[in-house]
Amino acid sequence: MSKKYEDIDNENLNVAEMIRQDSTKIEKCAVDEEIIGQIRSYEKPKRNVYKVISAVAACAVLCVTIFAWKNIGVQTDRHLKNNYVEETAISLHSDKNVKLAGSYSEIEKKINKIFGYRRKYTKAEGDVVKKSEGTAGNLEALTDKTKNEYSQTNKQTENVDESDIVKTDGKYIYTLSYQMNDDIKNQSKKYEGCYDVCWIGRTYKLTVTAVDGKRMEKISSFNIESKEVKVFDNLEMYISGDTLVLAGGYLTNKKESEISTCILIYDISDIKHIQLKNVNVQDGSYSNSRLTDGYLYTISNYDFYSYYAKDCVPKINGKKMKYDCVYLPEKIENEWPEYTIITAIDIHRSEKFTSQISVLGGVNNIYVSQSNIYLLNVSCDTTDITNTEKGKQILETQKDKKKYKIEKTCDYTKILKYSYKDGKVNYVAAANLPGWADDQFSLDEKDGYLRIVTHINNITSTNLYQTHYDAKNKTKERELVETLDNEEIESWNDVYVLGNNLEQIAAIKKLAKNEDIYTARFLGDYGYFVSFENTDPLFTIDFSDMKHPKVAGKLKMPGFSDYLQFYRDDLLFGIGQNGDNKGNISGLKLDMYDVEKGKASLKTKLVLKEYDYSEAFYNYKSILIDSKKELIGFYAERNSGSYDTDYLLYTYKDGRFKKVFKLSIGKYVENLRGIYIGDYFYIVNPERRIYAVDLTNYKKVSEVKIR
């Protein structure tokens with residue numbers, strides 16, 4: 001019987017490990033970057049499993065060759081003197097939109113060409129987070145492993161977990177909170193020039209509460225910090241079996257405001273002695289993350305405005321990224337100088353990243369499907385239309401026509417697509433679309449197609465410019481002096497279907513003219529989006545034929561929905577603000593739409609006149625919607641102007657909403673979460689306490705102080 005490919009791979013891995021061990025005896029050296037660039041630029045044939053042995057042999061020859069180069073005195077490239085990370089993604093490739101860098105020099109030249117040199121930056125490595133242990137108390141857990149069903153964080157994509165400040169595993173409730181340290185906050189002079197003095201004064205705390213029905217007990221609480229790093233921001237967490245993951249930003253240098261992203265992995269198998277296993281860091285401020293199949297994918301934005309071009313290659317775990325993991329777009333226009341970095345890590349074997357990629361350019365929105373990561377960045381494009389028919393018509397009203405230019409300004413969205421699987425991240429394609437997407441829910445992937453709704457906003461303006469010569473830089477600079485008050489604004493909404501390589505398959509254009517998109521949602525063959533001017537049109541788009549999508553319905557009603565979520569496959573829930581036919585807004589409203597046949601129709605509506613705002617409008621993680629429990633839970637602010645906040649619990653049965661519980665929380669409240677475990681509902685205020693509600697009678701039965 002012939003060997004399987006996996007057996008051949010295992011044998012080759014053993015051979016590779018022997019070579020690796022032998023290679024450690026060879027003295028390390030730097031390699032000429034240009035030579036390596038030429039080697040990498042050579043177009044290689046596709047690999048197959050039978051060529052792996054040859055590749056391993058070639059690695060051995062290369063090791064000996066490198067050793068020989070060093071001994072014959074080859075010059076080293078100054079850009080390679082810093083260490084670089086060993087972890088890398090696989091099967092990276094380039095296309096007409098972006099290309100992999102062939103050397104550090106190429107990165108430097110690209111940055112200089114696009115952005116120019118920036119002010120000198122005093123290089124500092126910053127503090128690196130080291131391992132530290134939590135201070136779990138010596139308290140017993142209340143229960144054994146529970147078999148009760150429990151709620152999870154509200155997420156967009158099935159089987160792709162999202163981080164939050166409150167999590168449960170059915171036995172414990174984990175909460176993240178922060179408080180302001182007045183002794184630090186008041187020392188503003190000490191931190192003058194830092195990113196945010198209030199940010200410096202934050203201390204994050206993780207609290208673990210054991211729950212068993214109405215019985216609750218706080219059993220562990222400790223500050224998230226180490227000897228080197230005590231300042232964190234935007235921390236959120238994941239729970240996966242006996243592993244707890246924290247991801248967020250941290251300040252590496254208070255004087256220079258260096259912001260990086262930190263991933264902390266904890267072992268929670270012994271809840272009384274929570275252990276910090278590993279800490280991994282990547283450059284850039286924390287943007288977002290996802291957890292699926294045991295791998296955490298983390299995205300950060302690395303701003304290098306303050307750096308020289310030669311120093312602005314991002315670092316991963318303190319080591320400069322390899323240049324062949326850096327993507328350089330063919331064009332970067334009107335963008336802030338920054339990278340977007342994506343890393344992957346196995347949270348159960350978290351010593352290092354399994355993949356790392358960076359692309360020159362920023363990101364505004366992120367959508368993650370079950371197999372792809374989409375990064376969206378909005379830019380602005382201005383076109384001179386002075387000599388067009390429209391431009392000449394506008395200029396007819398001006399006395400001195402030669403001084404003015406007629407320009408059209410419009411937004412466009414750049415989309416980058418990356419595939420991911422088993423901790424490996426790879427670039428797939430890039431594309432530009434007119435307009436911008438409202439949020440991640442404006443995108444959805446189905447059967448290899450990407451569906452997206454964008455809002456277009458075109459502005460035509462009459463502008464007066466002056467040109468002057470910059471003697472220092474020896475360049476001509478054009479400066480906008482005046483914009484006349486005769487701007488024309490056109491807006492509408494487009495629907496696109498893109499293929500696997502982001503090529504346009506189909507489009508529906510100019511829907512809902514002069515109306516903004518407020519929310520969108522997709523399910524199966526249909527997509528729904530809400531626009532608003534005076535009334536709330538709920539559009540239904542039929543995608544049963546991806547190459548020929550069509551508008552299947554348009555439902556108008558007063559007010560608008562800020563957030564949509566499917567209650568069941570045949571019911572679509574909306575929460576937003578009520579209004580009249582003239583566009584006047586007053587009160588909060590709950591809607592339930594019948595979408596069984598695709599075309600939406602209003603099934604029931606409930607107006608909450610005493611409330612005018614809820615965090616659920618913009619933070620979907622703050623609302624719990626569960627059709628199995630027939631529950632809808634969220635918190636809302638009263639419209640009395642006193643900022644009093646209530647947590648509200650509704651059921652949806654027999655075609656109607658019914659309020660079953662209300663809890664007054666207090667003034668200026670934020671970050672509340674509602675979760676259930678078995679027959680109990682828990683309202684979590686991470687800053688203060690947890691309240692337990694018996695779902696059999698909807699009565700509060702207990703509470704526990706956690707801060």
Side-chain angles (χ1 to χ4, degrees), residues 13 17 83-90 126-134 136 153 159-165 167 169 172 174 176 204 206 208 220 222-229 232 234-250 252 260-271 273-284 286-300 314-322 325 341-358 368 373 418 420-425:
L13 288 173
E17 176 61 20
N83 291 330
Y84 52 79
V85 292
E86 295 178 356
E87 305 86 355
T88 183
I90 58 172
D127 295 329
V128 178
V129 184
K130 293 183 179 180
K131 296 181 181 181
S132 62
E133 295 184 4
T153 298
N159 299 324
V160 180
D161 197 11
E162 300 189 31
S163 59
D164 200 7
I165 56 173
K167 292 279 188 177
D169 56 9
Y172 303 103
Y174 304 82
L176 267 175
Y204 273 82
L206 175 69
V208 183
S220 178
F222 59 92
N223 290 338
I224 308 301
E225 61 180 30
S226 70
K227 293 180 181 179
E228 291 78 13
V229 178
F232 290 89
N234 200 26
L235 277 180
E236 291 189 333
M237 66 178 150
Y238 297 90
I239 301 292
S240 178
D242 291 331
T243 301
L244 180 146
V245 180
L246 297 182
Y250 80 100
T252 60
S260 293
T261 293
C262 185
I263 301 166
L264 303 95
I265 313 290
Y266 292 86
D267 181 353
I268 56 173
S269 57
D270 183 352
I271 204 67
H273 301 91
I274 296 178
Q275 300 290 330
L276 179 59
K277 293 169 56 179
N278 291 105
V279 177
N280 288 275
V281 298
Q282 62 193 68
D283 273 351
Y286 176 71
S287 176
N288 220 315
S289 61
R290 295 291 189 272
L291 178 65
T292 180
D293 295 329
Y295 288 92
L296 180 72
Y297 301 87
T298 305
I299 301 166
S300 62
K315 293 183 176 65
I316 306 294
N317 280 332
K319 298 180 180 179
K320 187 161 62 175
M321 293 183 69
K322 293 178 67 175
C325 289
I341 303 169
I342 308 176
T343 62
I345 193 168
D346 183 344
I347 65 170
H348 303 297
R349 300 174 61 186
S350 54
E351 294 80 11
K352 62 181 182 179
F353 292 104
T354 57
S355 280
Q356 45 89 15
I357 286 177
S358 67
V368 181
I373 298 171
Y418 297 86
Y420 72 90
K421 186 177 182 181
D422 299 332
K424 302 298 180 184
V425 181

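Side-chain contact between S300 and D283 is absent, with no heavy-atom pair separated by less than 4.5 Å. Side-chain atoms of I373 and I299, non-hydrogen and from C-beta on, do get closer than 4.5 Å to each other. Side-chain contact between Y297 and V368 is absent, with no heavy-atom pair separated by less than 4.5 Å. Two residues are said to be in side-chain contact when any heavy atoms from C-beta on lie closer than 4.5 Å; K315 and M321 fail this criterion. Using a 4.5 Å cut-off on side-chain heavy atoms (C-beta onward), F353 and I263 make contact. Two residues are said to be in side-chain contact when any heavy atoms from C-beta on lie closer than 4.5 Å; L244 and K167 fail this criterion. Taking 4.5 Å as the limit, every side-chain heavy atom of T261 sits out of range of all side-chain heavy atoms of T343.
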Query raised in the report: Passes side-chain contact (heavy atoms from CB on, under 4.5 Å), I224 versus Y266? Steps please.
Result: CA-CA 11 Å; I224 308 301; Y266 292 86; 3.9 Å; yes

Report task. I would like to know whether N280 and T298 meet side-chain contact (heavy atoms from CB on, under 4.5 Å); could you show each step before the answer? Result -> CA-CA 11 Å; N280 288 275; T298 305; over 6 Å; no

Report task. Take Q275 and D270 through the side-chain contact (heavy atoms from CB on, under 4.5 Å) test and state the conclusion after the steps. Result -> CA-CA 8 Å; Q275 300 290 330; D270 183 352; over 6 Å; no

Report task. Applying side-chain contact (heavy atoms from CB on, under 4.5 Å), run through I342 and Y420 and close with a yes or a no. Result -> CA-CA 11 Å; I342 308 176; Y420 72 90; over 6 Å; no

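Taking all atoms of both residues into account, the shortest heavy-atom contact from D346 to T354 is N-CG2, 4.2 Å. The shortest non-hydrogen separation linking I268 to T243 is CG1-N, 3.9 Å. Nearest heavy-atom pair, L291 versus G294, reported as atom, atom and distance to 0.1 Å: CD1-C, 4.1 Å. When all heavy atoms of A247 and Y286 are compared, the closest pair comes out as CB-CE1, 3.9 Å. Contact detail for I357 and Y418: the closest heavy-atom pair is CG2-CE2, 3.9 Å. Taking both residues in full, the closest heavy atoms of A344 and G423 are given as CB-O, 3.3 Å, listed atom of the first, atom of the second, then distance.
Taking CG of N317 as the start and CD of Q356 as the end, the distance is 10.0 Å to the nearest 0.5 Å. D293 CG to D161 CG: the interatomic distance, rounded to the nearest 0.5 Å, is 11.5 Å. In this structure, CD1 on I345 lies 10.5 Å from OH on Y295, to the nearest 0.5 angstrom. Interatomic distance, I271 CD1 to D169 CG, rounded to the nearest 0.5 Å: 7.5 Å. Distance CG/L296 to NE2/H348: 11.0 Å, rounded to 0.5 Å. A distance of 12.0 Å separates CZ in R349 from CG in N278, rounded to the nearest 0.5 Å.
Taking the six-membered ring where the residue is Trp, Y174 and Y172 present perpendicular rings, their angle passing 60° and hence far from 30°.
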